[in-house]
Amino acid sequence: MNATGAIAAAVVPAAGRGERLGPGAPKALRDLGGVPLLVHAVRALTRSRAVGLVVVAAPADGVAEVVALLDSHGLEGKDIRVVAGGDTRQESVRLGLAAIPAEVGIVLVHDAARPLVPVEVVDAVASAVRAGAEAVVPAVPLADTVKRVEPVRGGPEPVLDTPDRATLRAVQTPQGFRRDTLAEVHAKALAEESAGAGGDLPPVTDDAGLVERFGGRVVVVPGHEEAFKVTRPLDLVLAEAVLARRRAADAY
Ligand code: CTP
Ligand code: MG
């Protein structure tokens with residue numbers, strides 16, 4: 001299928017528990033400035049003219065709740081579908097992808113846990129796929145120096161080496177793909193899992209990682225500091241501050 005000029009669909013994995021955020025509702029349903037994280041994330045996608053359809057992978061026991069939530073936050077006019085997610089992020093993405101009509105040639109995958117991604121990042125990722133890349137990730141340079149260690153619970157951990165920071169990027173979402181590429185690597189990963197293969201390899205934590213594993217080519221475009229992922233409680237404090245700043249700016 002030719003992806004050129006096509007409208008993209010977005011899959012939003014939102015079925016995680018949010019263990020690292022602490023006790024409470026599933027992370028995607030947690031409040032940020034009076035609106036659930038998931039609603040922020042879906043709005044960020046629907047604001048992009050590149051995106052024509054959003055498929056949310058909700059917690060399996062929360063599909064009806066998520067449908068109601070999206071309706072009650074003014075998203076009822078948009079083409080949004082909700083499916084039950086899976087036990088892992090990878091499975092949630094695969095289930096979301098399966099709900100996208102066959103004619104859609106470009107798919108973005110965006111974490112519900114990145115509520116404040118600017119629309120410019122969504123547009124830039126979609127454009128790069130439209131321009132011919134098979135897999136595109138937005139990313140930012142690292143502020144911290146990174147060391148590779150021999151993991152020891154409780155430490156001290158021996159340092160193995162220090163990668164050159166100039167060559168490292170912290171990767172965000174939405175990640176963008178040719179639909180056939182994304183479907184193929186997810187199918188291969190599932191087959192590998194079912195066969196019990198791939199056990200010695202490090203776990204793949206993003207969709208672009210699957211493309212890399214199976215020999216595809218991934219390119220990086222500039223991300224944005226506000227596209228950070230809400231993972232721990234402090235991230236929610238930062239997100240509240242960013243949102244308050246945006247709302248204050250909009251009021252003028
Ligand atoms: N996710 C998902 N299905 C899962 C696990 C994760 O759809 N079985 C989604 C999350 O809802 C989130 C995104 O993948 O939007 C990124 O995952 P992460 O930040 O790890 O979220 P959680 O898994 O919810 O958090 P934690 O790992 O702290 O439990
Ligand atoms: Mg997780």
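Numbers here are sequence positions counted from 1. Start at 1 and go down the list; that is how both ligands and their atoms are numbered. Computed over heavy atoms, backbone and side chain alike; hydrogens, waters and symmetry mates excluded.
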Nearest non-hydrogen protein atom, atom 11 (O) of ligand 1
Gly16 N, 2.9 Å
Quick check: does any side chain N or O of Ser48 sit under 3.5 Å from a backbone N or O of Leu45, one acting as donor and the other as acceptor?
no
Atoms of ligand 1 close to Ala113 [distance to a heavy atom under 4.0 angstrom, numbered from 1]:
15 (O)
Check whether any side-chain heavy atom of Val66 sits under 4.5 Å from a side-chain heavy atom of Leu29, and report yes or no.
yes
Got the closest protein heavy atom to atom 15 (O) of ligand 1, with its distance?
Pro13 O, 2.8 Å
Between Glu19 and ligand 1, which residue portion shows a heavy-atom distance shorter than 4.0 Å: side chain, backbone, both, or neither?
both
Backbone or side-chain N or O of Arg20 under 3.5 Å from ligand 1 N or O:
yes
Heavy-atom nearest neighbour in the protein, as seen from atom 16 (C) of ligand 1, with distance rounded to 0.1 Å:
Asp111 OD1, 3.5 Å
Counting non-hydrogen protein atoms only, what is the nearest one to atom 17 (O) of ligand 1? Give residue, atom name and distance.
Arg89 CD, 4.4 Å
Consider every N or O of Ala28 and every N or O of ligand 1, then say whether any pair is closer than 3.5 Å.
no
Tell me whether Glu192 is salt-bridged to Arg213, with the criterion being a basic N under 4.0 Å from an acidic carboxylate O.
yes
What part of Thr231, side chain, backbone, both or neither, has a heavy atom within less than 4.0 angstrom of ligand 1?
neither
Residue, atom and distance of the protein heavy atom nearest atom 21 (O) of ligand 1 read Lys27 NZ, 3.2 Å
N or O contact, Gly86 vs ligand 1, cut-off under 3.5 Å
yes
Presence of salt bridge, Glu226 and Arg246, under 4.0 angstrom
yes
When you check the gap from the basic side-chain N to the acidic O, do Asp123 and Arg49 get nearer than 4.0 Å?
no
Donor-acceptor under 3.5 Å (His73 side chain, Leu69 main chain):
yes
Quick check: Leu21 and ligand 1, any N/O pair under 3.5 Å apart?
no
Is the contact between Glu91 and ligand 1 made by the side chain, the backbone, both, or neither, using heavy atoms and a 4.0 Å cut-off?
neither
Short list, please: which atoms of ligand 1 are under 4.0 Å from a heavy atom of Arg17?
24 (O)
Within less than 4.0 angstrom of ligand 1, does Ala14 place any heavy atom?
yes
Nearest-contact summary for atom 19 (O) of ligand 1 - protein heavy atom, Å:
Lys229 NZ, 2.7 Å
Hey, is the main chain of Ala139 close enough, under 3.5 Å, to the side chain of Gln172 for a donor-acceptor pair?
no
Quick one: are Val117 and His224 in side-chain contact, heavy atoms under 4.5 Å?
no
Backbone of Thr181 reached by a side-chain donor or acceptor of Glu134 within 3.5 Å
no
Atom 7 (O) of ligand 1 sits nearest the protein heavy atom Ala15 N, 2.8 Å
Would the distance check show the side chain of Arg20 and the main-chain N or O of Pro233 forming a donor-acceptor pair, the cut-off being under 3.5 Å?
no
the protein heavy atom lying closest to atom 3 (N) of ligand 1 turns out to be Ser92 OG, 2.7 Å
Any donor and acceptor pair, going by atom type alone, linking the side chain of Thr173 with main-chain N or O of Asp111 inside 3.5 Å?
yes
